[in-house]
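Please read through the structure below; I'll follow up with questions.
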2 protein chains.
Amino acid sequence: MNPNRPSSNRPVYLKLRDQIAAAIIDGAYPEGAMLPSVRALAAEQGANPLTVAKAYQQFQNDGLVEVQRGVGMYVVRGAAERLRAAERETFLREEWPEIRSRMQRLGLDPADLAVVL
Amino acid sequence: MNPNRPSSNRPVYLKLRDQIAAAIIDGAYPEGAMLPSVRALAAEQGANPLTVAKAYQQFQNDGLVEVQRGVGMYVVRGAAERLRAAERETFLREEWPEIRSRMQRLGLDPADLAVVL
DNA sequence: CGAGGTGCATCAGTGCCATAATACAGCCAT
DNA sequence: ATGGCTGTATTATGGCACTGATGCACCTCG
């Protein structure tokens with residue numbers, strides 16, 4: 001009834017990007033470590049290597065990942081914290097206001113749902 | 001830096017749909033009242049009439065709006081509450097879990113942000 | 001010097017979205 | 001009845017995002 005913002009029909013490269021970002025923040029990809037190669041991650045996720053590359057792209061643009069051509073991509077020092085700070089900033093500025101007003105309209109209170117975990 | 005879920009580059013017909021839904025829930029389009037005509041709303045919003053029609057489409061499919069051919073479209077009795085209930089349901093089931101875990105990863109607590117209004 | 005692993009550029013295909021130009025069917029007030 | 005308002009169906013078109021297949025440039029290791 002409501003085709004709103006389901007993560008399902010979201011572009012694959014964005015889902016991958018979120019997933020990788022989460023892995024970096026959580027330390028699943030530690031700083032200094034090498035990321036899975038585009039082909040490896042593509043095979044694992046059942047996606048196209050180029051789609052994975054597109055997901056990786058932003059991280060190197062933002063300087064969170066260092067590319068050694070012919071070798072691989074490595075997580076830069078301080079990437080986790082920088083990434084978290086940046087994501088937090090944009091979340092609060094662009095996403096939360098809409099979510100907040102939307103919940104308000106629906107008669108929901110974030111404080112009540114906070115405990116649900 | 002983060003092209004995540006900006007309402008900006010969302011399809012027009014979906015933005016219109018959300019906007020109309022909000023107007024119904026808030027009572028800006030009271031029950032029994034006639035909605036703006038496709039052409040009128042299109043002109044006002046600078047969109048194409050067919051795009052507006054596409055936005056209206058779902059509401060009649062869901063029986064929240066009644067069409068009187070040659071006259072206009074009217075908000076059905078009980079539409080506001082039914083709409084709110086449906087949106088609340090899908091929000092809690094599909095959107096909130098992701099938001100919740102995302103905030104958790106970023107070190108944010110919904111309860112803290114609730115007061116900000 | 002190859003072999004096999006990297007990332008990356010190029011080109012092509014597909015589908016959704018939005019717009020446009022008409023045209024039609026129904027209702028209503030003048 | 002006629003003009004003017006409703007929603008709707010049709011067809012075509014341009015743009016853009018997403019995905020995909022292929023091949024090339026680069027590096028490391030044995």
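Labels below follow one simple rule: chain letters A, B, ... track the order of the sequence lines, proteins then strands, and each chain is numbered from 1.
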Check the distance between C:dC16's C1' and B:R10's CZ and give it to me in whole angstrom. 15 Å
Whether the side chain of B:R82 engages the backbone of B:R77 through a donor-acceptor N/O pair (distance < 3.5 Å, no angle test) should be reported. no
Are the side chain of A:D26 and the backbone N or O of A:A28 linked by a donor-acceptor pair below 3.5 Å? no
I'd like to know if the side chain of A:D109 reaches the main chain of A:A111, judged simply by a donor and an acceptor atom lying under 3.5 Å from each other, with no hydrogens or angles considered. yes
Answer with base, sugar-phosphate or nothing: what part of the nucleic acid does B:Q57 contact at a heavy-atom distance below 4.0 Å? nothing
So that I can tick it off, tell me whether B:R102 and B:E98 are bridged by a salt bridge, with the cut-off set at under 4.0 angstrom between side-chain N and carboxylate O. no
How long is the line joining CG of B:L35 and C1' of D:dT6, in whole Å? 13 Å
For nucleotides 20-30 of chain C, 5' to 3', base contacts (B), sugar-phosphate-only contacts (S) and non-contacts (-) with protein non-hydrogen atoms under 4.0 Å give BB-B-BBS---
Distance in angstrom units between B:N9 CG and C:dC17 P, rounded: 13 Å
Return yes if some donor-acceptor pair links the side-chain N/O of B:E31 with the main-chain N/O of B:G78 below 3.5 Å, else return no. yes
Which protein N or O atoms sit under 3.5 Å from an N or O of nucleotides 14-18 of chain D?
residue: D:dC18; atom: OP2; partner: A:Y13; partner atom: OH; Å: 2.9

Go through the steps to decide whether B:V65 and B:Y56 satisfy the test side-chain contact (heavy atoms from CB on, under 4.5 Å), and finish with yes or no. CA-CA 9 Å; B:V65 148; B:Y56 277 158; over 6 Å; no
Can you measure B:L41 atom CG to D:dT8 atom P for me and round it to whole angstrom units? 14 Å
Check against salt bridge (charged side-chain N to carboxylate O under 4.0 Å, His left out), B:R10 and B:D18: CA-CA 11 Å; B:R10 230 175 143 226; B:D18 286 353; 2.5 Å; yes
Examine C:dG7: is either OP1 or OP2 under 4.0 Å from a nitrogen or oxygen in the side chain of A:Q60? Give yes or no. no
Closer than 4.0 angstrom, basic N to acidic O: yes or no for A:R84 and A:E87? no
